[in-house]
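This report concerns only the one structure given below.
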Amino acid sequence: MSPRPAADGVTIVRRIRTVLHRIPRAAWICALIAFLNAACWSIITPPFQVPDEPAHFAYVQQLAENRTLPKSRNGAFSEEEEVALHDLRQEEVQWHPESHTIATQAEQRRLEHDLAQPLPRSGPSDAGVATSEPPLYYALQTIPYLLGSGGNLLVRLELMRLLSALMAGLTALFVYLFVREALPGASWAWAVGGLCIALAPLLGFMSGAVTPEGGLYAVSAAIFYLLARGFRRGLTPGLAVAIGVVIGIGMLTKINFVGLIPGVIVGLLVLAIRAARTSRRTACRSLALAAGIAASPVCLYVVSNLISNHPALGVISSGINITSGRGPVLKEISYIWQSYLPRLPGMTNYFPGISTTIQMWFDRSVGFYGWNDTSFPVWVEQLALILAGLLAMLSVRALIMVRATLRRRLIELGVYAVMAVGLLALIGASSYLVPEEAGTYSEPRYLLPLLSLLGAALVLGARGAGRRWGPAVGAVIVILFLAHDVFSQLQVIARFYG
Amino acid sequence: MLSRSPLIVVGTNSVPAHPEVAYVKGGFSTCEMGGMLPQGTSAIRVSASANTGPRVTLKALSGPLLVTSGHRETGWGVDETVTVPVKRVPRTISDAKICLAFGPVIEELQINGAVVRTTTAGGKTHSAVALRLEYLRPGHESWWSLASSVARHMGLGHAPSGTWVVLILIALMITVAALASLLVLRELR
């Protein structure tokens, strides 16, 4: 009787090996490039000069040192972190592009001396704005934190940043696999999608820091890939389990993942209906498996909250209360619409004097680093707009060329669209909650869970140039992304060390 | 780009930049004494802040004469300041007046600066908010010539520390570029 579990273990390892062997080498190279790029960003960006990194570090420290979740969000951290923030002049540098990081050996010596003291690592159970986030990413980050526990805070922070960089590798890997499944027609073009995402500077910047967004990007890319696989090959119990697991991981990684859920549910239902044509029983079993696994972390969360006399949905409950108290739904929809698109006749103008599409989203996507205090000159944004316009035209041309296939796959496209709209609505609704600070959430980093769709658009852009010129255009697109990455790094270097 | 020089501060209007001295709504405009506006100024940093900044139009006057002007488009980020590029100032102006006009805003604009008391011709005193203005022009050294000091600076304030970190970065980015080129050559045929 006893050998059975061992045999199962061996089978699982063999299966994993087989799956890993099936991944093309190009995908692994994309993953390696994304990791190395994010590792570069982790060194270039000064400690705690990424949005909310002090809070995310405090969350990990709280988990690692006290083995409990943070409770308050006042922004009071452990003495060790406070000393590091002070010696690094974090507040003086944040939002002040004219202020650089520490620049003298004396400041460096003081920093090293202070961090070498036996400063308390346990704080007042506070992780600032990160307190309301689910714990999975932070729990993973306790591994590098503890591995580096012999070193000072900066060593631990860098090790944690490198774990995030690994997640950038996973993101690029899944984007490559997504475009391979979603656009199987031209294998030469897959590398364009994978490479461009691997070289995307905003992915490198965010994944080169301690923030759960890095995990969210990877898990979002994974769910896009799994759904694309389902649409191409059909829903199997194995795939359903994978989708359920990834949804569960996403829910435990960052709240924003909720935005993708409506689209994922629609996708699962469509896949189940298609699978039912072959075997209704297998389809129902697969759907139940995915739903059960996906819902289990949420159920655990609700139960643990109820047991500890907290609102059933914890911190999310307060968000729902605020949302429901903000007036008519139509007003909110109008606000969310205008957060991204031009105002329609009859709508109240919530964003006077600004084109949200171009000036808030596109321009910031070109470059918005540090604590959103580092961007490119306007002429770079204008040049980028022209190039993006050309790429969009090529993508549309590719779609026209394959319009017959497109018609057959409209439902699949609809599922991806629902996922995107769900995320955009979530970000817009978050911004609606704080009207006195409109634009607070208009940061392109929140859109990076949709990187898979960007990868697909870039692949279509290359294919839009036709078979003869497509590879050359693809190479040019990759070179443009590489140049964008390098100049973004130089921009950040000039801002912090110039 | 790297042969250009970074902007340096060559003068100010001597107003301290106390944070959050006032919040103003859109369509706000103001003129204030700017002190000495140095020759060669090519940008003026203004101590105003917003999550999504409005269009800023700036005019520098010498008496009734327009010395220079410039504008910054809507959408600038959450810095504590906004830098407005202007046409190069041809000569030093000893008593410049700087006029600023902020476009419509989607949130209140945060003014960092100081509250100053002014006396009107009728002898009445009233307090007004003054913005800090910093005059910027390109320095004498190019980014290339600053490379070694930037590299030294990059070695400070994080782990691993030391100037050698820059060599690691260069090696990593060369590897990234080489791998990307390899994949492009192999796949894009």
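To find a chain, count down the sequence lines: A is the first, B the second, and so on, and within it residues start at 1.
Under the side-chain contact (heavy atoms from CB on, under 4.5 Å) test applied with Leu188(B), the options Val192(A), Val473(A), Ile477(A), Leu195(A) reduce to a single match, Val192(A).
When side chains are defined from C-beta on, Gln359(A) counts as touching Glu73(B), because their heavy atoms get closer than 4.5 Å. Taking 4.5 Å as the limit, some side-chain heavy atom of Thr52(B) sits within range of a side-chain heavy atom of Arg364(A). At a threshold of 4.5 Å between non-hydrogen side-chain atoms, the residues Glu98(A) and Thr83(B) do not count as touching. For the pair His158(B) and Pro47(A), the minimum side-chain heavy-atom distance is below 4.5 Å. Annotation: side chain of Asn37(A) is in contact with side chain of Met173(B) (closest heavy-atom distance under 4.5 Å).
Closest approach of Trp95(A) and Val78(B) over heavy atoms only: NE1-CG2, 3.3 Å. What you find for Pro160(B) and Glu158(A) is that their closest heavy atoms are CD-CG, 4.3 Å. Smallest separation of non-hydrogen atoms from His153(B) and Tyr497(A): ND1-O, 3.0 Å. Ala26(A) approaches Arg186(B) most closely through the heavy-atom pair N-NH2, 3.9 Å. Taking each heavy atom of Val184(B) and Ala475(A) in turn, the nearest pair found is CG1-CB, 3.8 Å. Across Ala180(B) and Leu199(A), no two heavy atoms sit closer than the pair CB-CD1, 4.4 Å.
Gln108(A) contributes a side-chain N or O that, together with a main-chain N or O of Gly157(B), makes up a donor-acceptor pair within less than 3.5 Å.
Among Leu169(B), Leu136(B), Leu182(B), Leu185(B), the residue making the largest number of heavy-atom pairs under 4.5 Å with chain A is Leu169(B). Top candidate by heavy-atom pairs under 4.5 Å with chain A, chosen from Val9(B), Ile168(B), Leu172(B), Leu7(B), is Leu172(B). Among the candidates Cys30(A), Ala34(A), Cys40(A), the residue making the largest number of heavy-atom pairs closer than 4.5 Å to chain B is Cys40(A). When Ser355(A), Ala494(A), Ala191(A) are compared by the number of non-hydrogen pairs under 4.5 Å with chain B, Ala494(A) comes out ahead. Ranked by non-hydrogen atom pairs under 4.5 Å with chain B, the options Gly353(A), Pro352(A), Pro46(A) are led by Pro352(A). By number of non-hydrogen pairs under 4.5 angstrom with chain A, the leading residue of Ala159(B), Pro85(B), Gly75(B), Ser149(B) is Ala159(B).
Of the two parts of Arg152(B), neither the backbone nor the side chain holds a non-hydrogen atom closer than 4.5 Å to a non-hydrogen atom of chain A. Interface remark: Phe496(A) contributes backbone atoms only to the contact with chain B (heavy atom separation under 4.5 Å). Interface remark: Val478(A) contributes side-chain atoms only to the contact with chain B (heavy atom separation under 4.5 Å). In this structure, the portion of Leu88(A) lying under 4.5 Å from any heavy atom of chain B is its side chain and not its backbone. If you measure heavy-atom distances from Trp190(A) to chain B, you find no contacts under 4.5 Å at all. Within the 4.5 angstrom heavy-atom criterion, no atom of Arg55(B) approaches chain A. Only the side chain of Ser161(B) comes within contact range of chain A, with heavy atoms under 4.5 Å apart. With a threshold of 4.5 angstrom between heavy atoms, Pro97(A) approaches chain B through side-chain atoms but not through N, CA, C or O. Residue Val166(B) does not touch chain A at all, counting heavy-atom pairs closer than 4.5 Å. Looking at Asp363(A), neither its backbone nor its side chain comes within 4.5 Å of chain B, counting heavy atoms on both sides. In this structure, the portions of Leu156(B) lying under 4.5 Å from any heavy atom of chain A include both its backbone and its side chain. For a residue to count as touching a neighbouring chain, one of its non-hydrogen atoms must lie under 4.5 Å from one of that chain's; by this rule Arg89(A) does not touch chain B. The part of Asp485(A) that comes within reach of chain B is its side chain, from C-beta onward, which places non-hydrogen atoms under 4.5 angstrom from that chain. For chain B, no part of Ile358(A) is nearby; none of its heavy atoms comes within less than 4.5 Å. Within the 4.5 angstrom heavy-atom criterion, only side-chain atoms of Leu482(A), from C-beta onward, approach chain B. With a 4.5 Å cut-off on non-hydrogen atoms, Ile102(A) touches chain B through its backbone and its side chain both. For Ile479(A), no part lies near chain B; criterion is any non-hydrogen pair under 4.5 Å.
Taking CH2 from Trp28(A) and CG from Leu183(B), the interatomic distance works out to 14.5 Å, rounded to the nearest 0.5 Å. One distance of note links CD1 of Ile33(A) with OG1 of Thr175(B); it measures 10.0 Å at 0.5 Å rounding. Note: Met360(A) CE to Ile106(B) CD1 = 5.0 Å, rounded to the nearest 0.5 Å.
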query: Is there a side chain to side chain contact (heavy atoms under 4.5 Å, CB included) between Leu179(B) and Leu36(A) once you walk through the steps?
result: CA-CA 10 Å; Leu179(B) 284 170; Leu36(A) 293 176; 4.1 Å; yes
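Around NE2 of His140(B), the count of heavy atoms belonging to other residues, nucleotides or ligands within 6.0 Å does not exceed 12. In the displayed structure, Trp164(B) atom CH2 is contacted under 6.0 Å by more than 12 heavy atoms of other residues, nucleotides or ligands. Residue Glu91(A) places its CD atom among 12 or fewer non-hydrogen atoms of other residues, nucleotides or ligands, all under 6.0 Å distant.
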